[in-house]
Amino acid sequence: MEKKETLKDGTQLVIRDLTNDDIDRLMALYGTLPLADRRYLRLDVTKKDVVENRVRSAKNRGVTWIGVFCGDKLCAEGRLELPGEEWRKKHGEIRLVVSWKFRRKGLGLMILRELYLLAAEKKIEKLVAKMMRPQVAVRKICRRLGFREETLIPDYVRDQESEIQDLLIMTCDMKDFWSELEAFYGASDWRRCR
Ligand SMILES: CC(C)(COP(=O)(O)OP(=O)(O)OC[C@H]1O[C@@H](n2cnc3c(N)ncnc32)[C@H](O)[C@@H]1OP(=O)(O)O)[C@@H](O)C(=O)NCCC(=O)NCCS
């Protein structure tokens, strides 16, 4: 998969699958994140061996991993994770990270749109997003795209500073997500263009 996008300021972007050759680019992207973001991610993304292992094992874990590139630089990444269990076979979990330098330009939406299209191809019916309570930005973008808060499990996970955090689970039916996404972009303009 490879697609071209242009932001309103003229920035040219390419969306494509991530490969094992993108590990250094991923490390550079994660390197832009302030601790306030990093501490709530599932893994310690400052450790190259951890990231490398995730990328190399992605396919075996049912993960489709895509990136938005500006030239040679990776500015956002997103994952669609299929649990692969019979009872959740129509579920797809989404994860995404946008470089600190590219925030609020619509890249989060762009990644979510691509993850939606991938999920539709795989006949997923429900999207799931899991986050720690302080991850406000992802909560807001998900809310805005029609996800609802299903449950909050108190004191369930530990952040990267070893502090216990509540886990919030949000879900969205595929059809609701699509109509919200369309409304967000406007009737015909798929580009964020701002
Ligand atoms: C969540 C995240 C991916 C959003 O990326 P982004 O590219 O900045 O998001 P977008 O520009 O596409 O935002 C689209 C809309 O989402 C909402 N939104 C996004 N970030 C927001 C924030 N910090 N506060 C409030 N609303 C926000 C807004 O409605 C925004 O539209 P607007 O800019 O016109 O107001 C980014 O903040 C991030 O990478 N966070 C750290 C990693 C993380 O928590 N990942 C989640 C793991 S599941």
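The first residue of the sequence shown is numbered 1, and numbering continues consecutively from there. Just so you know, ligand 1 is whichever comes first in the structure, and atom 1 is the first atom listed for that ligand.
- Between L109 and ligand 1, at least one N/O pair is under 3.5 Å apart.
- Between L96 and ligand 1, at least one pair of N/O atoms sits closer than 3.5 Å.
- In terms of N/O distances under 3.5 Å, ligand 1 is approached by V98.
- Distances from ligand 1 to the non-hydrogen atoms of M131 include no value under 4.0 Å.
- Residue-ligand proximity, G108 to ligand 1, at heavy-atom distances under 4.0 Å covers atoms 5 (O), 6 (P), 7 (O), 9 (O), 12 (O).
- At most 12 heavy atoms of other shown residues, nucleotides or ligands fall within 6.0 angstrom of atom NZ in K47.
- Close approach to R103 involves these atoms of ligand 1, each under 4.0 Å from a residue heavy atom: 8 (O), 36 (C), 37 (O), 38 (C), 39 (O), 40 (N), 41 (C).
- Polar contact check, D37 against ligand 1: no nitrogen or oxygen pair lies under 3.5 Å apart.
- Heavy-atom separations between G106 and ligand 1 include at least one value shorter than 4.0 Å.
- The environment of NZ in K90 is crowded: more than 12 heavy-atom neighbours from other residues, nucleotides or ligands sit within 6.0 Å.
- Considering backbone and side-chain atoms together, R104 places an N or O closer than 3.5 Å to an N or O of ligand 1.
- Residue-ligand proximity, V138 to ligand 1, at heavy-atom distances under 4.0 Å covers atoms 1 (C), 46 (C).
- Salt bridge status for E77 with R54: absent, with no side-chain N to carboxylate O gap under 4.0 Å.
- Side-chain contact check for E5 versus R113: some heavy-atom pair is nearer than 4.5 Å.
- The side-chain heavy atoms of L96 and L107, taken from C-beta on, include no pair separated by under 4.5 Å.
- Not a single N or O atom of R95, backbone or side chain, sits closer than 3.5 Å to an N or O atom of ligand 1.
- With respect to E93 and K130, a salt bridge is recorded, a charged nitrogen being found less than 4.0 Å from a carboxylate O.
- A distance of 8.0 Å separates NZ in K126 from NZ in K175, rounded to the nearest 0.5 Å.
- Judged purely by atom type and a 3.5 angstrom limit, E81 has no side-chain atom pairing as donor or acceptor with the backbone of R61.
- Close contacts of ligand 1 with V97, meaning ligand atoms under 4.0 Å from a residue heavy atom, involve 39 (O).
- Atoms of ligand 1 found under 4.0 Å from any heavy atom of I141, numbered from 1 in the order shown, are 9 (O), 12 (O), 13 (O), 14 (C), 16 (O).
- Of the options L118, T64, I124, a side chain to side chain contact (heavy atoms under 4.5 Å, CB included) to L82 is made by I124 and by none of the others.
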